[in-house]
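Only one structure is covered here, and it is reproduced in the block below.
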Amino acid sequence: AMQKADQLSGASNASSEKCPVTVNKEAKGTIRIAWQAIANADLVVKDRKLLEACIPNATIQWNQFNSGGDVVQAFGSRSVDIGLAGSSPAVKSVSAPLNLKVKVLWIHDIIGEAESLVAHNSSAKSIKDLAGKNIAVPFGSTSHFSLLSALSQAGMDSSSVHLINLDPDKMAAAWGRGEIDAAWVWDPVLSKLKADGGSVVTSSAATAKNGAATFDMELVSDDFIKANPSAVETWTAVENYAIGLIASDPDNAADSISAQLGNSPKDVKVQFKGYSYPDAAEQSKIFSDQLPGIFKATAQFLKGQGDLDAVNADYAPALYTTAIDAVAKQ
Amino acid sequence: MSEQTMAWDELTERTAMSKQGIAADIRGLQQRFTTQEGDEVIALHDINLQIKEHDFICVVGRSGCGKTTLLNALAGFEKPTEGEIIFRGAKVEGPSPRRGVVFQKPPLYPWLTVRGNVEFGMKMQNVKQDERKERAEQYLELVGLKDAADRRPYELSGGMQQRAQIARVLATDPDLILMDEPYGALDALTRERLQNELLRIWEDHKNTVFFITHSVDEAIFLATRVIVMSAHPGTIKMDIPIDIPRDTANQEDMEKVRSDPRFVELRERITEAIYEQDDQQ
Amino acid sequence: MSEQTMAWDELTERTAMSKQGIAADIRGLQQRFTTQEGDEVIALHDINLQIKEHDFICVVGRSGCGKTTLLNALAGFEKPTEGEIIFRGAKVEGPSPRRGVVFQKPPLYPWLTVRGNVEFGMKMQNVKQDERKERAEQYLELVGLKDAADRRPYELSGGMQQRAQIARVLATDPDLILMDEPYGALDALTRERLQNELLRIWEDHKNTVFFITHSVDEAIFLATRVIVMSAHPGTIKMDIPIDIPRDTANQEDMEKVRSDPRFVELRERITEAIYEQDDQQ
Amino acid sequence: MRKTGTMKQRMLSTIANGSRRLQSIFSLILLIVVWWAVTAAKLVNPLYLPSPGSVWNALVKANNCHPITQGSNKIVCGEQEYFLWQHLLASLQRIGVGMGFAIIAGVLLGFILASVTWLNRIIMPYVNFIRALPPLGYIGLLIVWFGIGDTSKIWLLFLAACPPIVLATVEGISGVSTDRVNSAKSLGAGTLQAFVHVVFPSTLPSIMSGIRLAVGFTWTTVVAAELNNGIPGIGALAYLSGTQLNTPLTIACIIVIGIAAFALDGLIVLLTRMVTPWVGRE
Amino acid sequence: MRKTGTMKQRMLSTIANGSRRLQSIFSLILLIVVWWAVTAAKLVNPLYLPSPGSVWNALVKANNCHPITQGSNKIVCGEQEYFLWQHLLASLQRIGVGMGFAIIAGVLLGFILASVTWLNRIIMPYVNFIRALPPLGYIGLLIVWFGIGDTSKIWLLFLAACPPIVLATVEGISGVSTDRVNSAKSLGAGTLQAFVHVVFPSTLPSIMSGIRLAVGFTWTTVVAAELNNGIPGIGALAYLSGTQLNTPLTIACIIVIGIAAFALDGLIVLLTRMVTPWVGRE
Ligand SMILES: Nc1ncnc2c1ncn2[C@@H]1O[C@H](COP(=O)(O)OP(=O)(O)OP(=O)(O)O)[C@@H](O)[C@H]1O
Ligand SMILES: Nc1ncnc2c1ncn2[C@@H]1O[C@H](COP(=O)(O)OP(=O)(O)OP(=O)(O)O)[C@@H](O)[C@H]1O
Ligand SMILES: [Mg+2]
Ligand SMILES: [Mg+2]
């Protein structure tokens, strides 16, 4: 493998980080992690090489992915052990027809204002005002799910607006040319559109309130849980520590995340506001009280879209709570 | 210098040349090639030759002595390394329809039929369709390809391809006809017939002919002037006028000419000139 | 049928043939082509010919009468439409190194030098490097290409390419040498030299030669047997043994032979046979 | 004797033709059997390689109307609001337009670059540059300039198809025998006439093979072109169904793309043989 | 007289060479000036077309270590943890391996398909099929079969590069003059020898042009190949920076890809001229 740039140039400054939780000397072998470029604590862990410090006898392999769909596919090909995916791909992966042997391990963030619907015309006060208009959204994303949910909550139908499948980075151009009237999207494009005369109509926070919450979550394969239960727990502890950092030391956390994303720490701090980052104690409650229901609702919604074959009777078995509960107690 | 940009003295020179009836003037021509190995081959060295209007020049010489190279220079296919060629008062700078060329290897166009190939030159020169058809028919008959007129070139034998090429060039009636071993791949009778036709055309149309051949007999039969070239480097070794009277219409006359003592003498002199260098190779 | 799968009666036939010293037996050969226009051309019709060991056959005939087609069939390049050819007791089914071919258009390999081309056949036949080098040198000298040995084929004149091809084929010493107008593009002296060399090789190595030419004189000089072909469709019109004694070493003897009454008579008969069809074309 | 010979030949050629067709069909059947066996033996997770049956079902479903889920009275037609054949047609149109412009521009540019040396030196580097650019890398710029409508998609397909045609044309021209051109000029052809009547037909085989490659190229680019706002479009459908992990539909799309491309290619080969019958016979 | 002639020629050719180089440089400068003028006049939003200056800065930044913000003591090196040249190197390695296999397999397969007619009829349809498949459509399948490591990426590049080489080889072989082959066989070459010594060199120009096209093709495929887990890799960097709206870096990546591809292409052209010096001279 290629030497990283900081090692090459001798500027390496992260390897000195000490493990903030109990060091796990037991876990060995290779841990293959799928990550995505989203502003949350996972990037702090990656940037500060916390896992490398806390599980010193294992090789940590960070694999970057572009969408939850790709991550789910990687799980299927047994190419990764732990990976980040949005809530809708997560639900899909544990429902028919896929029925993957994975469990939901962790919530990285609850999507709030971070994913919002912005419209060109400031007179659009609710999604109803956008009837018949062009709305851009990346198909298959959590934003897509939120948009469809918002439409149905407003008593509309996907055919009452004109949905356009667009990658976020293409939206700014289409926006500038007046080809789209609105877009449901996240940062950095969301800020660009807002700065470019867009006004927020609604957001994932609002749809969540009405029962269609979206998350970024971590999936873990059953095989890995069976083989390395201690590593799973250490992973959870490390993520919990990092989530704590976002609250306690946002400047440093933002530095780490921006180093990974390649943007500025200032932008990252803006993005923090759009998400909520529950810690292990909070998650322990969410997992047991809310998630099974949210998953079922999500699954029912997806089935109505023709994206799923069947809704599971109960989604609790798809959740792995052992690690969260253990960390929450510490 | 092209015909458009002629200076005054060149114009006078041109008038002088046409007064003397000079069709082409080769001046200090040298042609060099660099081989892939990096060696330099001097294919032609210091060639000076004046071709008069209505000359019938036959060029003979050992294989590889530079005949084709000289013809290419006259045709305007290859820029001389040194020296120049003046044709009808203007420097030769490229091919021209006034100088028709029969190539050593016939470059027929496979996307046209034999008839299409023969008509090609006339079409390029905007000959009316009726006339074109008629003349094509006439020349196809002349070279004995009437039956094969609708075939493609790659469906012809080697000799038939050569004849098709000859018909294509003659049909455009060029002022200067340059021919590179045109009759080498033909049987004696076809050859004789085409020789006679060429002479007839030459007499009727008053063209000038530059004809490369390996047959000294053919050269003496046809030419008003025979040029003998020698190799290493290619130079003109002998330039000899031919003044044997002949009657092309009469076949038997040919045989008589053969035994004419002047013919025999010419033949001997030319052959000797060609092969003087023999020990060298 | 290949040599491996011979039935008993064929084997006996083969023995019988070699006893009679028959090298190649052409039986009821017909060759048809369909042109692009859809016409059918019968290039050869019902050819029957027995070539004896150590024959030197010269084939003459009008351009387009099917000489090359017959040679291609003998070489094994083209499957007969009908009939078959037996060479040394086995049916001809494809090319073989025992039948060397000099093509009408020299297919030299541009990625090899002239020397490389001459060595090519020997290399294919696993001749040792030393011997290969020596023989290549010898044949290059023979055809007068020693100076041009390190050039590429496309740096040669037309005649030089033809000579390179001849050297390449002769250097492999094939049993049957098939030559398609090999000397057509050569000057008289080179031609004479190569004719003599060919005769010398033929006498020394006892090869069989099948030689297409347009020169009746050349045919009579070289051949032990002259075949005259006629066209539409291509058939054998005349098959005439040549029994004029000749001494190839002696140049002047050639001239004497020319005036031999037997030579003159043969020449007349063959020429007449070739051109009987003339009015048709 | 001759007649029986011809009859025998005709029979033989019929048999040969038949056996040729049989071979192709056999190879196809073999593939499907292997595919079926692999899936039936559950060697691969159906998420990644669904059975031929489910791909067939996806294909049928994508060309028909059906209730969105069993028993539901909400009827959807095709996939993403269009039938599969409509998706295919939309992509074919884009490819057709892009190729059309690419052929015209590519051949013209090729001729110009082959004849004007200094222009060649200036423009050829850019052609080679464009030839290597990943569509995913510059589709964004095209969208900025031409919007998210069909224009940017056609531009992308055009830019993918043009360079191979330019290259093939230039290469073809550089391979034209000088004797041929010289001969035409000596016969009275001007530069333009020599181009039209000699250089062009001599270059035609090369141009046709360039076009053939370019068409294949546009097919591979069609997904990238239709990634954004590409519905209807078979490339967009293939990608979207992939992101939705609807593998049977993805594979059905890929097969449809493959078959359409294969048919188009056959057409081009046929056309090539018709317009350049002399190739391989000289 | 001859000496001065040579000197004059040498001088002329030096001038001509110089002016040739000047033309290329001039064309490059012209492009940059136009680009600069367009951005300086603010005709285009810098989000879509950044100025040459900012692209240059992105290029420099991507090859150096720098504090994450001015004054911060957190140092980041390169982009996505690797210098730009490392990204380029990683992609070059993948392309190199993929092309290497593609050349070997493509030429071999081409030779086999050209000589075994029935195999041709069975396999050629699949080659044409693969030739048209969009990488984005089947990269998922490759990941399933070969994992997310380099193997699936190299497979994708291989599958993109192989078909043009196969086609070029088959086409080249069908264009070999039968006289050449017949002549070799009459000189004693067996089928294999005729292949090695005559058919292969005759086909070489065609194979080389196939390789040239294939390399260009792999460059266009590199982003698709590196879309997932492609870091380090210049294609992945180009895509990632695009999703982060870091347009200067995207354009820097594209330019680097273009230049690398251009240089590689020049190398192949040079090599072609070296191994087939006879082309265009016969
Ligand atoms: N591929 C082909 N398609 C159609 N006709 C052909 C083909 N090849 C040869 N022929 C025809 O077959 C006849 C015999 O051709 P062949 O080349 O054998 O003549 P040849 O005696 O060698 O003539 P030459 O002395 O001119 O070389 C000619 O009429 C020719 O047009
Ligand atoms: N492109 C080239 N590169 C190097 N040498 C060349 C090239 N073209 C011709 N020559 C050389 O120039 C000399 C003259 O060639 P040319 O073709 O003029 O001979 P020729 O008299 O026509 O011979 P032939 O009667 O055999 O056709 C030859 O020695 C040949 O090898
Ligand atoms: Mg010559
Ligand atoms: Mg012949």
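Here is the naming used below: chain letters follow the sequence lines, and residue numbers restart at 1 for every chain. Quick note: numbers below take in every heavy atom, side chains included, and nothing from hydrogens, waters or symmetry partners.
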message = Looking only at heavy atoms and a cut-off of under 4.5 Å, which of C:Thr69, C:Asp150, C:Thr68, C:Leu145 has the most pairs with chain B?
response = C:Asp150
message = Using only atom types and a distance under 3.5 Å, with no angle test, would you say the side chain of C:Gln36 pairs donor to acceptor with the backbone of B:Arg151?
response = no
query = Of the backbone (N, CA, C, O) and the side chain (C-beta and beyond), which part of C:Val60 lies under 4.5 Å from a heavy atom of chain B, both, or neither?
reply = neither
note = What one should report as the nearest heavy-atom pair of B:Thr190 and C:Arg62 is OG1-NE, 3.9 Å
query = Is chain B contacted by the side chain of C:Lys146, its backbone, both, or neither, given a heavy-atom distance below 4.5 Å?
reply = neither
request  = Tell me, for B:Glu37 versus chain C, whether the close heavy atoms (under 4.5 Å) come from the side chain, the backbone, both or neither.
outcome  = side chain
remark   = Tightest non-hydrogen contact, residues B:Ser63 and C:Arg163, listed as OG-NH2, 2.7 Å
ask   = With a 4.5 angstrom heavy-atom cut-off, which part of B:Lys105 approaches chain C: side chain, backbone, both or neither?
value = side chain
message = For C:Arg225, I'd like to know if atom CZ has over 12 heavy atoms of other residues, nucleotides or ligands within 6.0 Å.
response = yes
note = To the nearest 0.5 Å, atom NZ of C:Lys67 lies from atom CG of B:Asp187 at 6.5 Å
query = Which one, B:Gly158, B:Ser215, B:Ala188, B:Ala185, leads in non-hydrogen pairs under 4.5 Å with chain C?
reply = B:Ala185
task = Measure distances from C:Thr35 to the heavy atoms of chain B and classify the residue's part below 4.5 Å as side chain, backbone, both or neither.
result = both
